[in-house]
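Got a structure for you, questions after.
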Amino acid sequence: LARRSGREPTDYPSKDVELVLKRTLGIPIFQEQVMQIAIVAAGFTGGEADQLRRAMAAWKKKGGLEPFREKLIDGMTARGYTEEFALRIYNQIKGFGEYGFPESHSASFALLAYVSSWLKYYYPAEFCCALLNSQPMGFYGPAQLVQDAQRHGVTVRPVDVNCSAVNCTLEPEDKNRMALRLGLRLVKGLSSAGAQHVYEERNSGNYTCIQTLVERTGINRSDRESLAAADAFSALASDRHRAFWDVAGYEEKLPLYQTASEHVITSTDNVASQRDDESELEMLLPKPSEAQDIFADYTSIGLTLRRHPLALLRNHLQQYHVMPASLLSTLRDGSRIKVVGIVTSRQRPQTASGVTFMTLEDETGFMNVVVWSTLYEQHRAAVRGAYLLGVTGTVQISEGVVHVVARDLVDLSEWISEMTIKSRDFC
């Protein structure tokens with residue numbers, strides 16, 4: 001990368017090596033290149049080069065590269081290459097035990113990456129829909145996939161017993177675009193059979209109330225409560241609190257919640273009584289606050305279509321000069337900053353010498369955070385367990401890529417303790 005950007009010169013110790021490494025700017029990337037270098041620079045036979053390839057693939061588990069060290073270095077120095085170059089090639093060969101792959105794999109991955117990027121750009125709703133229906137998979141969870149789709153102009157509609165299929169689906173928005181409808185499969189605790197019954201029974205007509213839905217589908221109490229928690233009854237109840245009330249009272253068939261056809265009002269006294277009951281219920285069941293709805297969304301389906309949780313905290317965070325993710329790229333390289341975000345992923349690759357990479361998310365986007373091993377040891381609990389993290393550090397900007405190099409960390413999870421959030425951890 002340094003050579004491609006012009007920060008480091010590209011050089012070749014010989015024409016033979018240049019023929020092998022020119023397309024990768026003098027750095028051996030593919031297994032085939034290492035085999036070719038062994039042949040043209042160290043005098044290996046084709047059979048010996050293949051043995052070297054096998055040893056590269058297995059050396060981390062079984063060892064086995066040492067027998068080739070002397071032959072490689074001696075062979076290269078005998079042909080006029082410097083010992084420094086020979087040792088560099090040998091150390092790069094050892095690195096193949098961590099990351100090396102055949103060139104054919106690279107070509108296949110490049111094709112997949114290009115096709116995926118093309119689909120995401122031209123068909124963002126369809127692309128996101130397919131990824132959601134393939135979960136669990138990949139680096140990003142449903143919340144990050146949906147938020148990214150929304151930032152790229154996709155209309156995302158909520159789980160609804162009168163609209164959602166089992167899987168996520170597409171609905172026409174206008175003549176040129178499709179909207180994404182979240183599927184029943186995202187509702188935590190809803191059984192596969194229950195989701196299927198809700199979807200199939202709707203073919204005979206939309207549900208008019210929770211009672212008729214239960215009678216037509218036969219779903220059990222657990223499934224009913226899961227749908228209520230996910231606010232999937234929004235077309236049948238004014239809010240999730242009332243949906244829970246309806247679900248809890250279904251078996252007793254409370255008169256207050258009988259349908260108009262079932263509940264015959266015979267006098268003005270009955271009308272007044274019903275109004276009194278509704279007024280009492282209004283006091284007993286206040287509408288959930290925005291924060292309660294957002295937290296309940298994360299707990300029940302793992303994402304929200306309402307405002308991001310960090311948006312609720314932004315006024316407070318601004319008092320402490322906490323920077324949103326969207327403004328990081330406007331800063332100078334090396335700027336000192338504070339950021340706060342939900343932890344969406346953690347990575348601690350063996351090849352990174354103990355460095356941990358974390359992805360944080362706020363209402364404006366993602367932040368890549370680098371935690372050096374010394375800081376990791378000081379804040380192990382926060383790095384491994386926090387789901388809302390505050391970071392003080394410096395901005396590192398290179399070729400448009402922005403990282404925050406952490407200098408201090410603080411676990412702020414108690415600020416959103418009512419939420420259920422799981423990060424994708426690769427540690």
Side-chain angles (χ1 to χ4, degrees), residues 140-158 182 231 239-240 286-346 357-371 379 382-383 385-397 400-424:
Y140 299 107
Q144 290 75 53
L145 295 171
V146 167
Q147 288 165 25
D148 179 75
Q150 289 176 314
R151 292 188 187 108
H152 288 83
V154 175
T155 298
V156 184
R157 296 169 180 168
L182 299 183
D231 206 17
D239 58 67
R240 55 179 20 115
K287 290 184 179 295
S289 67
E290 181 185 19
Q292 288 174 327
D293 266 332
I294 290 171
F295 293 170
D297 287 343
Y298 271 90
T299 299
S300 59
I301 62 173
L303 59 93
T304 186
L305 300 183
R306 297 175 172 88
R307 289 201 298 166
H308 192 278
L310 266 293
L312 304 178
L313 302 170
R314 184 54 58 188
N315 288 338
H316 175 73
L317 295 174
Q318 284 178 336
Q319 297 177 27
Y320 295 91
H321 307 290
V322 174
M323 183 76 65
S326 60
L327 295 182
L328 295 183
S329 61
T330 67
L331 301 176
R332 290 184 178 180
D333 183 48
S335 299
R336 295 292 298 269
I337 58 159
K338 296 177 184 176
V339 296
V340 173
I342 291 173
V343 180
T344 62
S345 68
R346 299 172 173 89
F357 302 96
M358 307 179 73
T359 303
L360 307 188
E361 166 200 289
D362 67 14
E363 75 275 26
T364 68
F366 299 110
M367 297 166 279
N368 300 311
V369 177
V370 179
V371 181
H379 298 279
V383 175
Y387 50 91
L388 181 66
L389 191 67
V391 181
T392 300
T394 57
V395 175
Q396 184 182 82
I397 303 176
V401 179
V402 181
H403 287 86
V404 177
V405 180
R407 297 286 179 263
D408 196 16
L409 304 171
V410 57
D411 187 347
L412 302 174
S413 301
E414 62 180 15
W415 289 7
I416 53 172
S417 58
E418 297 178 44
M419 290 177 59
T420 301
I421 300 175
K422 289 186 178 180
S423 61
R424 295 287 181 94

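All heavy atoms count here, side chains included; hydrogens, waters and symmetry mates do not.
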Any donor-acceptor N/O pair, Gln147 side chain to Gln144 backbone, under 3.5 Å: no
Heavy-atom closest pair (Ala386 atom, Leu389 atom, distance to 0.1 Å) is CB-CD1, 3.9 Å
Does the side chain of Val369 reach to within under 4.5 Å of the side chain of Phe357, using non-hydrogen atoms? no
Distance only, no hydrogens: is a donor on one side chain within 3.5 Å (strictly under) of an acceptor on the other, for His379 and Asp408? yes
For Asp231 and Asp239, the nearest pair of non-hydrogen atoms, with its separation, is OD1-C, 4.2 Å
Close side-chain approach of Val340 to Leu313, heavy-atom, < 4.5 Å: no
Start with the C-alpha gap between Tyr298 and Tyr387, add the side-chain angles, then the distance that decides, and say whether ring-ring contact (aromatic ring centres under 6.0 Å, His included) holds. CA-CA 13 Å; Tyr298 271 90; Tyr387 50 91; over 10 Å; no
Is it true that a side-chain atom of His403 and a backbone atom of Val405 form a donor plus acceptor pair closer than 3.5 Å? no
Of the non-hydrogen atoms in His308 and Glu361, which two are nearest, and what is the gap between them? NE2-OE2, 2.7 Å
Judged by atom type as modelled, is there a donor-acceptor pair below 3.5 Å linking the side chain of Thr344 to the main-chain atoms of Thr359? yes
Val391 versus Val404, closest heavy-atom pair with distance: CG1-CG1, 4.1 Å
Taking Val156 as the fixed residue, which of Leu182, Leu145, Leu303 is the one that meets the side chain to side chain contact (heavy atoms under 4.5 Å, CB included) rule? Leu182
What are the two closest non-hydrogen atoms of Ala325 and Asp362, and how far apart are they? N-OD2, 2.8 Å
Which residue is it: Arg307, Lys287, Arg240? I am looking for the one with a side chain to side chain donor-acceptor pair (under 3.5 Å) to Asp293. Arg240
Show your working on side chain to side chain contact (heavy atoms under 4.5 Å, CB included) between Ile416 and Phe295 and close with a plain yes or no. CA-CA 8 Å; Ile416 53 172; Phe295 293 170; 4.1 Å; yes
Pair Asp297, Thr304: side-chain N/O donor-acceptor within cut-off below 3.5 Å: yes
Criterion side chain to side chain contact (heavy atoms under 4.5 Å, CB included) on Val146 and Val154, from CA distance to verdict: CA-CA 9 Å; Val146 167; Val154 175; over 6 Å; no
Any donor and acceptor pair, going by atom type alone, linking the side chain of Arg346 with main-chain N or O of Val383 inside 3.5 Å? yes
Run the numbers on Thr392 and Arg336 for side chain to side chain contact (heavy atoms under 4.5 Å, CB included), then give the verdict. CA-CA 8 Å; Thr392 300; Arg336 295 292 298 269; 4.2 Å; yes
